[in-house]
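Working notes for the structure below.
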Amino acid sequence: MDEIVIEGGVALTGEIAISGSKNAVLPLMVAGLLSDEKLILRGTPRLADTQTLARVLRELGAEVEEFGQGPGEGLSVHTSDLSCTRAPYELVSKMRASFWVLGPLLARAQEAQVSLPGGCAIGTRPVDLYLKGLEAMGAQIEVENGYVNATAKGGLKGARIDLPFVSVGATHVLMMAATLAKGTTLITNAATEPEVVDVGKCLMAMGAKIEGLGTRNLSITGVDKLSGADHTVSRDRIEAGAFALAIAATHGDAHLTGIQEDVLGALAPAMRLAGCQLTQEGDAMRIVGPKGRAIATPVTTEPYPGFATDLQAPFMGLMCGADGVSRIRETIFENRFMHVQELVRLGADITLEGDTAIVTGVEQLQGAPVMATDLRASATLVIAGLMAKGQTRISRVYHLDRGYERIEEKLSGAGANIWRETV
Ligand code: UD1
């Protein structure tokens, strides 16, 4: 098993190129099931999660091929025939996004058997909203032996779906399903995350009729058939945010290439309050860390455009060294503080009060062996390791590999003393 080793204390400089978005490429690949023509996705990141999803899609009859090398590389999904409509537990339990195939399978093949994804390290993560939405569109759904068995004899029908709260996953699945339903579907309280907009744009390039992308009200009028498309995946705002925080936390001065400030959303003002400078320079963002210690800054996670739950753990890394006490509140997931005890091992002073972490900044973190607990939590351990004095060794780095492309190469390119060891 691989471990990441960091000798902390080096300020990041130079340039870090931002990859294609993990949270966009996964639903985009799933959208490739909706058409019998080829969907070409450019600028895709090379991640363990894209490989896992490729296996699921192949199981269903899709041809998934990677092409090119280096920047601009991509992959294609070609599902000329849906030869299987069952997504088994062995694959879905590896990665939740596999569950999303339910929408396209039901829309195109009018039947699907998809394993329930189960819980996850950060919370219970139910899928009731997906199922209620599909039922509103006329699907018959039974949950039996851990599987969702769904049929839509005669096809899905347009419906009004009022989501009680914002769900990125439910919005992806219901939007995809609605593209091939008869009539118009109105989704209220839809997610407006940039990844939802990215998927919607790709579906429109495939011939879908969608109005209201990026707003809380989505209107989708079904068409008989979708075509292939050639789509470039948006850049990863979560990866960009994590690197911006790593630069700030090491008092560095470096550029993130390929992004605009708006993708950072609520992170940008929070970083400025914390004493960082962020400047757009062409297609790159220059991040300059605070001169002395960062200023303690409170954040609360919220659906987009609020502070992203995926950046909560990385932001906590910066706050561990801040001057003062910051309150970090998590409102999306009930158990997304697994990183706290690992940060404490590095010398952080953090206590939990319900959904809030109270972080009292310390002058200096100390290197230690730590364990990655989930994808975004592992990014904060890297940030904390870069800040710490001495050596930090992170185990279970498969969590990192799920969502960050060559993180140690990108960071060592910016001057960090970081490497991978196979132990
Ligand atoms: C969420 C984040 C997304 C992030 C991803 C991975 C939000 C709104 N979404 O997306 O930005 O990239 O985690 O960390 O911040 N829920 C239900 N029933 C459902 C579906 C969801 O109760 O059927 C609840 C979830 O438990 C959660 C909230 O709704 O509390 C948001 O869930 P959702 O957006 O669907 O989660 P993800 O798609 O995983």
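Read the numbers this way: they start at 1 and go in the same order the structure lists the ligands and their atoms. Note that the structure is predicted; figures quoted are calculated from it, not measured.
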Qualifying residue for side chain to side chain donor-acceptor pair (under 3.5 Å) with Thr301, from Glu330, Arg329, Gln312
Glu330
Given Arg336, which partner from the list Thr331, Thr373, Asp310 fulfils the side chain to side chain donor-acceptor pair (under 3.5 Å) test?
Asp310
Look at [atom] and find which of [options] reaches it with the closest heavy atom.
| atom | options | value |
| --- | --- | --- |
| atom 2 (C) of ligand 1 | Asp310, Thr309, Leu163 | Thr309 |
| atom 10 (O) of ligand 1 | Asp374, Val168, Val196 | Val168 |
| atom 32 (O) of ligand 1 | Pro117, Ser167, Gly169, Gly306 | Ser167 |

So, is [X] polar-close to ligand 1, with some N/O to N/O distance under 3.5 Å?
| X | result |
| --- | --- |
| Glu302 | no |
| Phe333 | no |
| Pro126 | yes |
| Leu129 | yes |

Is it the side chain (CB and beyond), the backbone, both or neither of Gln312 that lies under 4.0 Å from ligand 1, heavy atoms counted?
neither
What part of Tyr304, side chain, backbone, both or neither, has a heavy atom within less than 4.0 angstrom of ligand 1?
neither
Who passes side chain to side chain contact (heavy atoms under 4.5 Å, CB included) against Ala244, sequence neighbours left out?
Leu256, Met271, Ile287
Hey, which atoms in ligand 1 end up nearer than 4.0 Å to a heavy atom of [X]?
| X | result |
| --- | --- |
| Arg336 | 14 (O) |
| Phe165 | 16 (N), 17 (C), 22 (O), 24 (C), 29 (O) |
| Ile332 | 7 (C), 15 (O), 27 (C), 30 (O), 31 (C) |
| Asn23 | 12 (O) |
| Tyr130 | 20 (C), 23 (O) |
| Val127 | 19 (C), 23 (O) |

Distance-minimising heavy-atom pair for Thr171 and Ala191
OG1-N, 3.1 Å
So among Thr79, Val30, Leu57, which one has a side-chain contact (heavy atoms from CB on, under 4.5 Å) with Pro104?
Val30
Between the CE atom in Met1 and the OG1 atom in Thr422, the distance rounded to the nearest 0.5 Å is 11.0 Å
Would you compute the distance between atom CZ of Arg420 and atom CD of Glu408 and round it to the nearest 0.5 angstrom?
4.0 Å
For the side chain of Arg108 and the backbone of Leu33, is there at least one donor-acceptor N/O pair under 3.5 Å apart?
yes
Residues 153-172 vs ring-ring contact (aromatic ring centres under 6.0 Å, His included), sequence neighbours excluded, gives Trp100-His172
